[in-house]
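To start, the structure under review is shown below, and the notes come after it.
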Amino acid sequence: MNTEVKAKYLKDYKKPAYAIESVDLLFELFEEETLVTNTMQIKKIDASVNDLTLDAVNLELLELSLNALKLQESRYIIEEEHLTVLNVPDAFELKIKNKIYPQDNTELEGLYKSGDIFCTQNEPEGFRSITPFLDRPDIMSLFTTTIFADKKKYPVLLSNGNKIKCHDDFNERHGVTWQDPHPKPSYLFALVAGNLGSISDEFTTIQGNKVALNIYCDLGNEQKCHHAMHSLKASMKWDEEKYGRAYDLDIYNIVAVDSFNMGAMENKGLNIFNSAYVLADTDTATDANFMGIESVIAHEYFHNWTGNRITCRDWFQLTLKEGLTVFRDQCFSADMNSVQVQRIEDVKALRERQFVEDASPTRHPIQPESYISMNNFYTATVYEKGAEVIRMVYTLLGEKNYRQAMDLYFKTFDGQAVTTNDFLWAMHQCGDFDLELFKRWYKQSGTPRLHVKDSFENGTYSIVLTQKVPDDVDGKKQKPYYYPLKMGLLDRDGNEILAETLIISKESETFVFDNLKEKPVLSINRDFSAPIIVEQEENNYAFLMKYDTNSFTQYEATQNFALRTINEIIESSAINNDFVDAYGHLLDLDVDLSYKALLLELPSVSAIMQLQKEIDFDVIYDAQDQLLLHIAQKYKEKLLDIYKQNHLPASGSLAAKHIAKRAIKNRALKILSILKNSEVAELAQKQYEESLTMTDRIVALDVLENLHVSYAEVALQDFYNRYKDETLVMNKYFAILASSSRYDVLERVEKLQRDKVYDEKVPNLVRSLVGSFARNHKHFHAKDGSGYKFLADKIIEIDKINPQIASGLCGAFKVCDKMNKHNQELIKKELSRVISTQGLSKNSFEIIDKILK
Ligand code: BES
Ligand code: ZN
């Protein structure tokens with residue numbers, strides 16, 4: 001494949017020459033093959049064009065007719081990725097019958113089987129492997145779908161829209177016809193057939209329409225769908241209240257499947273979900289899992305307006321729907337739970353994934369200019385940085401104007417396939433900001449830095465802010481950004497003097513504040529109002545940890561102070577007692593316990609690594625452990641106290657108060673575990689044995705495993721026996737073992753691949769075993785190169801099964817050019833081996849090629 005890879009460019013966009021007004025699909029599902037009959041009503045838009053070229057992958061054509069006349073072979077051309085019909089009239093019906101093999105489809109794109117369930121995944125370009133089509137999002141058509149299958153094996157037959165007909169008189173086979181009244185692009189088409197269990201409910205929209213809600217799953221899992229159903233109803237209500245958007249069909253179906261490349265997919269009226277984002281009960285799911293389900297259910301629901309009703313003109317516009325919808329789901333989760341905790345969690349995720357990507361050779365603007373495989377662009381940048389960009393628009397406009405702007409966006413573009421410029425136009429109609437400068441967020445890449453220098457003289461406090469904009473990947477200079485910067489000033493007693501939103505628009509600018517008695521303390525980028533890195537010459541971290549009124553910057557001060565302390569340990573082995581004292585102060589804070597659990601968390605390895613010029617993970621782990629050990633020793637009694645106060649009485653409740661108690665006591669347990677003494681081991685053992693929730697059980701198991709105590713083996717065996725039939729719980733089991741600090745972790749990972757519950761064709765299992773190992777920096781980056789060799793071998797193997805999952809694993813090598821020379825050499829050797837593999841997918845090729853260049 002790697003010799004014929006071709007990039008697509010945004011600048012090459014051309015309007016479609018044809019419209020496909022309606023599509024009538026007939027699916028005949030059999031055990032060995034599926035027959036697809038596709039009847040399209042097509043109209044020529046561009047009269048100068050003669051031929052019609054449809055996207056079609058590996059087409060096995062059975063019949064082709066135009067206006068009911070069979071076409072001679074001389075009238076069409078079949079290529080590897082296209083079907084061209086020559087000399088077509090201005091308006092016509094095209095009927096295509098072809099054969100596909102969902103049973104053999106391990107790429108999980110198009111129509112495939114997850115266990116015994118037929119299902120589809122068509123975003124971005126899966127539809128073309130089902131049937132020939134103009135498979136691009138600006139082609140919107142009316143879909144009618146008829147499915148025939150064995151009645152016993154596939155009693156449930158689903159597609160988009162409303163069920164308009166049942167075909168029941170065919171002995172052991174039956175059929176159903178679905179019709180979707182809303183025109184849509186092919187990537188939103190979905191089909192499901194299986195023997196499924198389900199739960200049902202109902203939602204009445206603000207206009208009084210009754211909507212039937214169904215969640216389908218494997219038989220026996222019905223009781224685990226209630227939290228998802230609850231989340232769906234909450235999302236529907238929230239979108240009505242906050243955006244004035246109601247649902248627009250009489251039925252909303254969600255299907256949970258075990259084999260899915262991503263988290264979930266927003267197909268019109270028929271969402272298909274990775275079962276990890278649907279199924280949950282307290283015995284098998286953690287508190288974090290419950291929250292994850294709530295947010296993914298909401299995300300896919302919100303796409304109905306931001307994505308489906310208004311869709312993308314082309315895939316370069318992906319952030320139009322994803323950035324916006326992530327912003328919407330973040331706000332929803334904040335409203336459902338805690339605004340302050342949500343903001344910190346979102347920024348943490350952004351820094352851990354997106355900042356790393358934005359500093360790597362795979363960095364790209366939220367609106368990329370080119371791609372080889374579109375599947376590689378469902379990135380933290382397009383999603384999470386994209387959401388931050390929408391959040392900046394929201395901050396610039398304010399709540400009221402933002403709502404007006406969104407109303408205008410929906411009113412103007414409903415039913416269309418549009419661009420990010422169209423979105424920004426609507427925002428700009430209702431707000432006062434520099435549109436052209438702001439657009440740089442869409443076209444430039446890399447995390448911008450802001451240098452802060454402040455001074456005080458004669459009652460005047462000045463801050464000089466200087467933007468440092470990283471060069472593009474190809475070395476091209478980029479320009480300064482436009483953004484809102486929330487800040488506050490505190491007096492020396494910790495009282496807030498002022499809170500403002502500055503507008504940053506130039507490379508360097510000075511802001512002055514008069515009539516002050518003494519030099520104030522600056523709290524900057526409050527709420528993380530812009531996705532930047534702040535560089536401060538002078539800082540008051542300890543002060544802000546104590547007094548900042550903004551929960552985000554209080555958290556930020558803690559993280560920054562900890563990072564600086566860890567850096568000092570790396571450089572001089574000395575531990576800064578000011579930090580340790582300030583940390584002690586946090587332990588006594590009387591604040592929301594979920595928030596406190598975050599405050600007490602020390603920076604991750606990923607955060608520390610981003611400050612290193614030349615990464616050496618051994619050094620990072622050592623320094624991190626030293627600080628943790630010091631804190632655990634000094635505050636042992638306080639931490640034990642926090643643990644004990646919040647541990648009992650045990651509760652399986654999912655009320656915020658109980659989730660918070662579990663969060664803080666598990667944070668205390670994890671910190672204490674660095675002491676590696678029998679007291680902690682006993683606490684963990686007792687917690688494991690008496691746990692009422694998966695949250696407590698999994699933390700205890702993780703702590704035990706990393707204490708390297710003999711009881712760990714007993715607990716792991718017990719856990720395995722108890723949950724071996726629950727694939728979602730087995731994901732957690734594999735993840736714990738692959739993330740372990742034990743010296744022989746790679747050997748164990750290799751052995752676990754032969755475990756009977758492991759299956760390389762199921763993405764969740766690959767991610768939790770192989771993916772977790774690739775994030776286990778200590779062992780993945782082992783100096784003998786064994787971790788790299790293992791992952792390279794896996795990539796080659798999995799690439800043949802599922803290129804999208806393989807190229808995801810390639811991401812672990814993104815840090816290559818930041819590593820020390822020794823590791824760099826080892827990585828390059830392995831990647832060169834992978835990239836020269838015969839038949840490597842364009843997905844893996846694109847990522848590795850960028851890293852090697
Ligand atoms: N549209 C995507 C799903 C998708 C992505 C399908 C890439 C095919 C290729 C969906 O809306 C989505 O964004 N899902 C996320 C979860 C979400 C909560 C951010 C996912 O699957 O990770
Ligand atoms: Zn999405």
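Along the sequence shown, residues carry numbers from 1. Just so you know, ligand 1 is whichever comes first in the structure, and atom 1 is the first atom listed for that ligand.
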Legend entry - Check: Gln804 N/O within less than 3.5 Å of ligand 1 N/O: no
Legend entry - Residue portion contacting ligand 1 (non-hydrogen atoms closer than 4.0 Å) for Glu266: side chain
Inset, instruction - Would you please determine whether Ala264 falls within less than 4.0 Å of ligand 1 on a heavy-atom basis? - result: yes
Inset, instruction - Could you find the nearest protein heavy atom to atom 7 (C) of ligand 1 and give me its residue, atom name and distance? - result: Tyr378 CD2, 3.0 Å
Inset, instruction - Consider every N or O of Asp329 and every N or O of ligand 1, then say whether any pair is closer than 3.5 Å. - result: no
Legend entry - Working for side-chain hydrogen bond (donor to acceptor under 3.5 Å, both in side chains), residues Thr325 and His299: CA-CA 6 Å; Thr325 305; His299 178 98; 5.3 Å; no
Legend entry - Distance filter under 4.0 Å to Met265 heavy atoms, resulting ligand 1 atoms: 1 (N), 3 (C), 6 (C)
Inset, instruction - Decide salt bridge (charged side-chain N to carboxylate O under 4.0 Å, His left out) for Arg128 and Glu125; before the verdict, give the C-alpha distance in whole Å, the side-chain angles of both, and the deciding distance to 0.1 Å. - result: CA-CA 6 Å; Arg128 60 188 65 186; Glu125 300 181 333; 3.7 Å; yes
Inset, instruction - Write out the residue and atom name of the closest protein heavy atom to atom 4 (C) of ligand 1, then the distance separating them to 0.1 Å. - result: Glu123 OE1, 3.7 Å
Inset, instruction - Consider every N or O of His303 and every N or O of ligand 1, then say whether any pair is closer than 3.5 Å. - result: yes
Legend entry - Proximity to ligand 1 by part of Met262, non-hydrogen separation under 4.0 Å: both
Inset, instruction - Please state whether the rings of Phe813 and Phe780 are parallel, tilted or perpendicular, taking 30° and 60° as the class boundaries. - result: tilted
Legend entry - Protein contact of atom 22 (O) of ligand 1 - nearest heavy atom, named by residue and atom, plus distance: Gly263 N, 3.6 Å
Inset, instruction - Would you mind telling me which of Tyr187, Phe377, Tyr371 makes a ring pair (Phe, Tyr, Trp, His ring centres under 6.0 Å) with Trp315? - result: Tyr187
Inset, instruction - Answer yes or no: is there an ion pair linking Lys237 with Glu241, defined by an N-O contact shorter than 4.0 Å? - result: yes
Inset, instruction - May I ask you to say whether Glu240 pairs ionically with Arg245, meaning some side-chain N is under 4.0 Å from a carboxylate O? - result: no
Inset, instruction - Among all protein heavy atoms, pick out the one at the shortest distance from atom 13 (O) of ligand 1; state its residue, atom name and that distance to 0.1 Å. - result: Tyr383 OH, 2.6 Å
Inset, instruction - In plain terms, say whether Asp314 and Arg136 are close enough for a salt bridge, that is, a side-chain N and a carboxylate O under 4.0 Å apart. - result: no
Inset, instruction - Report yes if some heavy atom in the side chain of Asp281 is under 4.5 Å from a heavy atom in the side chain of Thr284; otherwise report no. - result: yes
Legend entry - Side chain, backbone, both or neither: the part of Lys321 lying under 4.0 Å from ligand 1 by heavy atom: side chain
Legend entry - Lys321/Glu123 ion pair, N-O < 4.0 Å: yes
Legend entry - Top protein contact for atom 14 (N) of ligand 1, by heavy-atom distance: Glu300 OE2, 3.2 Å
Legend entry - Degrees at the Zn ion (ligand 2) between the OE2 atom of Glu322 and the NE2 atom of His303, nearest 10°: 90°
